[in-house]
Amino acid sequence: MLSIKNLKASIEDTEILKGLDLEVKPGEIHAIMGPNGSGKSTLASVLAGREDYEVTEGDVKFNGKDLLDLEPNERAGEGLFLAFQYPVEIPGVSNMNFLKQAINSIREYKGEDAIAAKEFLKKVKEKQDLVGLSGRLANRSVNEGFSGGEKKRNEIFQMAMLDPKLAILDETDSGLDIDALKTVADGVNQLRRKDNAFIVITHYQRLLDYIVPDVVHVLSEGKIVKSGPKELALELEEKGYDWLKEDEGVNA
Amino acid sequence: MAYTETELAEELENSKYKYGFTSKFDTDRVEKGLNEDIIRQISSKKNEPEWLLEFRLEAYRNWRKMKEPKWAHVKYEKPKFDEITYFAAPQPKKKLDSLDEVDPELKEMYDKLGISIEEQKKLAGVAMDVVVDSVSVQTTFKDKLEEKGIIFCSFSEAVQNYPDLVKKYMGKVVPPNDNFYAALNSAVFTDGSFCYIPKGVKCPMELSTYFRINEAGTGQFERTLIVAEDNSYVSYLEGCTAPMRDENQLHAAVVEIIAMDDAEVKYSTVQNWYPGDKDGKGGVYNFVTKRGLCDGRNSKISWTQVETGSAVTWKYPSCILKGDNSEGEFYSVAVTNNYQNADTGTKMIHLGKNTRSLIISKGISAGFSENSYRGLVQINKNAKNARNFSQCDSLLIGDKCGAHTFPYIETKNNSSKVEHEATTSKIGEDQIFYCQQRGMDEEQAVSLIVNGYVKEVLNKLPMEFAVEAKKLLEITLEGSVG
Amino acid sequence: MSTTSKKDKFIANFMKNPVADAIGQQQTVREEAFQALRELEFPTLKDEAWKYTRVAGILNKEFEVKEVENPALSENYLIPDLKVNRLVFINGKFQSELSEIIDSDLDIKTTAQARFENHDAVGGYLGSLTNHKNEIFTALNTAFNQTGAFVQIQKNKKPQFPVHIIDVTEGEGVTYQPRNLFVLEEGAELDVIHTIEGDNGQSFTNLVNEFVIKENAKASYYQVQRNGEKNNHIQTTQVYQAQNSRFRTGTYTFGGKLIRNNVNIAVDGENCETILNGAFLLNGKQHVDNHTFVDHLQPHCESHENYKGIIGGKATGVFNGKVLVRPDSQKINAFQSNQNILLTEQAEINSKPELEIYADDVKCSHGSTTGQMDEEALFYLMSRGLTKAGAMGLMIQAFAAESIEIVEIEPLKQWIESLVEERCKEIQD
């Protein structure tokens with residue numbers, strides 16, 4: 001589904017990703033962990049197409065298409081979803097209007113008809129329940145006046161509504177209390193299918209108690225330095241990241 | 001609601017300036033240029049009483065001594081006042097009693113404007129007066145209004161049928177020598193709307209006027225007068241379009257509102273005169289004097305405007321808060337793109353005790369345009385406990401345009417409270433990216449964000465107008481990103 | 001009498017005191033000023049920049065340049081607990097015996113002296129920033145100024161003590177036009193305190209300052225206006241900032257009859273910081289007009305402005321602050337605030353904060369409020385035993401404090417605060 005080869009990216013002439021490789025297959029959940037500044041969020045931003053980052057080398061294929069050639073909205077149309085670490089507030093724009101435009105834009109991209117009002121409302125109700133936001137979105141502007149937890153749940157709600165092929169969760173767990181964390185994780189688990197995939201970017205292991213990954217990768221200084229089964233996350237929690245640095249030479 | 005979002009989307013595809021057609025009905029016009037003879041001709045064509053001719057001539061003589069104002073932050077070529085035709089009326093000029101008698105071409109034009117009168121009748125219950133090139137051609141719903149004692153007719157009709165009312169109130173709020181363009185209008189105005197709401201009457205429907213410049217080389221000089229007697233209410237809507245032409249057309253209107261004790265008048269405008277082409281050629285000069293007098297206690301006048309059109313806009317809908325406890329409001333969205341120039345805002349003149357005013361202004365500049373808010377809040381000596389709050393925000397799309405804020409705040413009373421806030425910022429890149437990540441293209445994203453930004457003002461418009469306004473915003477900003 | 005002949009008559013008074021010949025560039029600048037005086041008229045209320053301030057009252061009077069016989073320095077003019085390099089001017093004339101320079105290697109002299117020596121910096125900079133071709137009061141100063149302070153700080157130098165200029169006006173019908181020039185070479189630092197003092201005579205003072213602040217330099221300029229009650233004071237401070245420089249200024253007005261302060265700052269380099277604050281505490285028939293102009297010519301800069309007006313008696317305050325962001329001056333953060341309290345029924349304030357923005361990636365905002373004392377807070381203080389006057393004084397001080405906070409010289413800050421306290425008592429009488 002997603003194939004990243006030797007990806008190098010920089011921001012304002014500082015290289016952040018220094019030759020990253022990653023393969024994600026349908027049905028998989030990949031966790032990416034790593035210390036602050038290792039390039040986790042940069043990876044998410046580059047995949048989603050944020051302009052500030054310049055890709056200097058490498059290749060990213062998403063379902064056979066060259067992802068880096070696409071505009072951010074085309075990537076969304078192809079089924080890539082990014083749950084933002086800091087969801088953006090858009091004053092005056094209602095959540096419903098926003099979502100409807102998003103859904104219809106993606107449908108249009110795929111050559112499908114616009115969603116019927118009835119179907120849309122039904123879907124909203126169903127997915128709102130999933131993340132415990134029932135009735136709290138309708139009359140409010142996108143993320144405006146939301147608590148941190150609400151914003152993150154709104155991201156998962158949007159993910160559920162847009163039903164992407166590949167969802168990247170960029171530190172969705174940061175700043176969440178344990179209840180909100182469980183809600184977010186429940187949401188992800190319910191959406192998990194054989195034909196979609198998730199990349200969960202996190203700093204802490206605790207989210208992975210609830211979203212069980214197939215593979216855990218450790219990102220350090222712009223490269224994946226170690227990959228392993230879910231137990232790797234626990235090991236990292238115990239030992240920190242420093243022990244990997246000595247190991248780096250062996251892996252690389 | 002007559003408009004679905006799908007229809008909206010379809011229209012947007014082939015948008016640009018879609019009102020740029022000309023209709024080819026015969027017109028009756030006076031020769032171009034301006035002198036006392038022309039004014040006498042206009043007056044006699046309209047069969048006006050002597051006092052009105054005198055009013056015009058007096059205004060004309062004043063105008064000749066006046067100079068065009070220069071303080072506004074706008075750049076334009078001075079209109080050639082001798083090249084303008086000051087009167088052009090569609091023929092036949094016989095009185096129209098029903099819609100069936102309307103010139104078919106004229107009717108077709110309404111349809112293009114999207115204001116099918118028949119439909120309006122059925123759907124919205126909006127009483128409508130249509131002014132084409134200065135002359136009022138159709139007023140709907142007259143009978144129903146008459147039952148309530150409401151007068152809603154063309155200005156010319158009012159002069160013939162209610163001369164005392166017109167004489168009593170015309171020029172009371174905007175004196176003929178108020179400013180250069182008001183004086184010009186007072187000399188040559190040809191038609192407009194007149195509206196009178198008697199004591200205790202709440203007007204049951206929106207009253208609406210649609211203005212259209214059609215003939216080449218004509219100016220439009222309409223005059224609107226709204227009088228709301230004690231304890232009455234009316235909501236008035238105004239829409240404007242003009243065809244696409246290379247030369248600049250002049251529009252210099254005067255609107256006067258008088259609100260007596262406990263009366264309330266809401267005046268909403270969606271202004272979409274032709275803005276000129278992408279290179280700034282052509283377009284309408286919109287030099288308008290709009291002023292409301294809160295004459296009575298507890299009276300209220302509320303202006304809402306969505307300004308998307310015109311090459312140059314010079315417009316300050318104002319409130320004179322004379323009655324104690326009276327209230328003035330100004331809600332504005334002004335959007336400029338390409339080479340448009342807008343200098344718009346309001347004046348809130350507090351004279352009475354406990355008077356209140358609120359100003360919410362949202363400016364959006366794109367392309368090479370210049371967009372200025374200019375507003376005066378004046379608290380006079382006797383305006384005890386007066387209150388004002390102003391919020392003026394400017395949004396910039398692109399780095400070749402300008403956004404400016406020029407507030408004048410004059411306070412002469414120490415029991416008053418005046419607050420003004422203004423911000424200028426760029427449209428949020430993170431907001432655009434967020435929308436794009438959810439599948440929207442950049443233009444859609446900009447339009448969505450802008451609509452959110454101006455929502456506070458659009459919410460003040462009646463539903464039909466809000467939809468129209470939203471659509472116009474999108475059309476105006478088209479091509480402003482990328 | 002027509003305005004033109006009024007102007008000629010007014011200017012003729014200055015002609016009585018010929019100015020020493022200048023050399024080279026200085027002579028050119030002066031000639032430009034004379035040319036401007038011939039062409040320009042004094043402003044009226046019809047001029048947008050003078051919409052709220054009438055200068056006709058000044059023009060109707062006769063003023064003369066006069067020296068005092070026994071110059072003396074009042075203890076009252078000194079700032080307690082502050083060591084300074086002191087320059088004293090009385091009626092525009094430098095008083096060397098009352099002045100004292102304590103920094104040994106400070107390049108400080110009068111502009112007259114510098115001109116006489118044909119000093120490079122004076123030749124290069126005096127009149128280089130001012131708008132003497134288009135602004136009549138600046139032209140007047142440029143044509144007729146006799147002297148003032150000239151300070152040049154060499155590269156990476158910083159005087160140990162601030163420079164304190166004291167301008168005193170004494171006598172009836174006096175006029176003079178001080179001209180000060182401050183040049184900060186790269187990385188230099190300088191603090192200037194300028195206090196304006198005077199007796200009760202009618203007078204007209206027309207001051208022009210120029211600040212040239214080069215790369216990485218830091219300057220501050222505080223003007224404390226304790227002008228005599230019949231003094232008409234027009235001052236223009238013209239500032240040029242090169243990249244990475246910092247300029248902060250505070251204008252604190254307590255005295256004077258008619259005061260017009262023009263502070264014009266051209267921010268012509270990236271990464272500059274500009275702070276301009278002020279407070280005016282007015283009484284009687286005082287009229288004080290603060291005009292500021294921050295011209296952002298380059299990207300990546302920050303400017304903050306905060307003016308507080310406290311207006312009593314029949315006084316009128318004016319605030320007109322303009323921020324201009326030129327095309328391509330991206331990433332500018334500019335904030336502007338003007339808050340006013342009207343204490344009496346006859347007090348007036350005209351506030352005109354302006355933003356003129358031609359670049360899109362900016363954050364600019366302004367706010368203006370006019371109101372009165374918070375009655376609730378007043379009541380609270382009084383219920384705790386304060387007199388009404390005491391409570392109001394305390395609240396005015398708190399209100400003004402924000403504009404004084406920027407003063408980094410502690411004894412100066414305390415002195416200004418004490419002046420505010422004193423002024424509160426006068427305003428309430």
Side-chain angles (χ1 to χ4, degrees), chain B residues 70-73 363 365-366 368-382 384-429 480-481, chain C residues 46-48 51-52 299 309 311-312 314 316-375:
Chain B
K70 281 194 189 128
W71 40 262
H73 193 95
S365 335
F368 298 88
S369 70
E370 295 283 332
N371 197 333
S372 306
Y373 166 83
R374 185 183 305 277
L376 168 69
V377 174
Q378 190 180 66
I379 313 284
N380 287 283
K381 274 267 168 300
N382 297 324
K384 282 223 165 65
N385 297 316
R387 294 282 177 272
N388 161 268
F389 178 78
S390 309
Q391 174 77 47
C392 304
D393 296 321
S394 304
L395 195 65
L396 290 143
I397 302 175
D399 60 359
K400 296 284 179 282
C401 50
H404 320 302
T405 317
F406 306 113
Y408 297 67
I409 305 152
E410 305 175 4
T411 316
K412 296 185 168 76
N413 186 294
N414 70 325
S415 58
S416 59
K417 259 205 182 97
V418 185
E419 288 173 79
H420 169 96
E421 286 171 16
T423 63
T424 304
S425 54
K426 184 190 182 178
I427 189 159
E429 262 166 20
S480 62
V481 287
Chain C
K46 283 182 185 154
D47 294 278
E48 189 66 26
K51 189 176 163 65
Y52 298 111
I311 302 142
K314 295 178 177 177
T316 302
V318 180
F319 171 81
N320 187 337
K322 179 167 181 165
V323 173
L324 171 63
V325 177
R326 304 260 182 179
D328 302 323
S329 294
Q330 301 291 5
K331 305 272 182 198
I332 297 290
N333 284 345
F335 302 96
Q336 201 186 32
S337 163
N338 168 230
Q339 292 178 297
N340 307 292
I341 290 181
L342 297 180
L343 293 174
T344 56
E345 279 183 21
Q346 310 279 322
E348 277 185 41
I349 177 76
N350 298 302
S351 176
K352 198 178 159 219
E354 298 176 64
L355 298 174
E356 204 173 326
I357 316 285
Y358 295 94
D360 63 336
D361 198 1
V362 298
K363 278 206 179 96
C364 301
S365 65
H366 67 209
S368 166
T369 62
T370 298
Q372 47 286 134
M373 216 57 95
D374 181 347
E375 292 289 335

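Values in this document were obtained by computation on a predicted structure and should not be read as measured data.
- Counting heavy-atom pairs closer than 4.5 Å to chain C, the top-ranked of the candidates B:N414, B:T424, B:D399 is B:N414.
- For chain B, the option among C:E345, C:M373, C:K363, C:K51 with the highest count of heavy-atom pairs below 4.5 Å is C:E345.
- Between chain C and the options B:S425, B:G402, B:G398, B:C401, heavy-atom pairs under 4.5 Å are most frequent for B:G398.
- Proximity to chain B (any heavy atom under 4.5 Å) is shown, for C:E356, by both the backbone and the side chain.
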field: Step-by-step side-chain hydrogen bond (donor to acceptor under 3.5 Å, both in side chains) determination, B:H404 to B:E370
entry: CA-CA 8 Å; B:H404 320 302; B:E370 295 283 332; 2.7 Å; yes
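- Remark: the backbone N or O of C:P353 is not paired with any side-chain donor or acceptor of C:Q336 at under 3.5 angstrom.
- Scanning all heavy atoms of the two residues, the minimum distance from B:K426 to C:D360 falls at CB-O, 2.8 Å.
- The closest donor-acceptor contact from the side chain of C:Q372 to the backbone of B:S416 lies under 3.5 Å.
- Contact between B:H420 and B:A422 at its shortest, heavy atoms only, is NE2-CB, 3.7 Å.
- Contact tally against chain C (heavy-atom pairs below 4.5 Å) for B:Q391, B:K412, B:E419: the top residue is B:K412.
- The candidate from C:N320, C:L342, C:I357 with the greatest count of non-hydrogen atom pairs under 4.5 Å with chain B is C:I357.
- Only the side chain of C:Q330 comes within contact range of chain B, with at least one heavy atom under 4.5 Å from a heavy atom of that chain.
- Under the rule for a salt bridge (Lys or Arg N to Asp or Glu O under 4.0 Å), B:E421 has no partner lying at least two apart in sequence or in another chain.
- Across B:T423, B:L396, B:T411, the residue that shares the most heavy-atom pairs under 4.5 angstrom with chain C is B:T411.
- Pairing each heavy atom of C:S368 with each of B:I409, the nearest pair is OG-CD1, 3.5 Å.
- Using a 4.5 Å cut-off between heavy atoms, C:F319 makes no contact with chain B at all.
- Across all non-hydrogen atoms, the minimal contact from C:H366 to C:L355 is ND1-CG, 3.4 Å.
- For a residue to count as touching a neighbouring chain, one of its non-hydrogen atoms must lie under 4.5 Å from one of that chain's; by this rule C:L324 does not touch chain B.
- When heavy atoms are compared at a cutoff of 4.5 Å, B:Q378 does not approach chain C at all.
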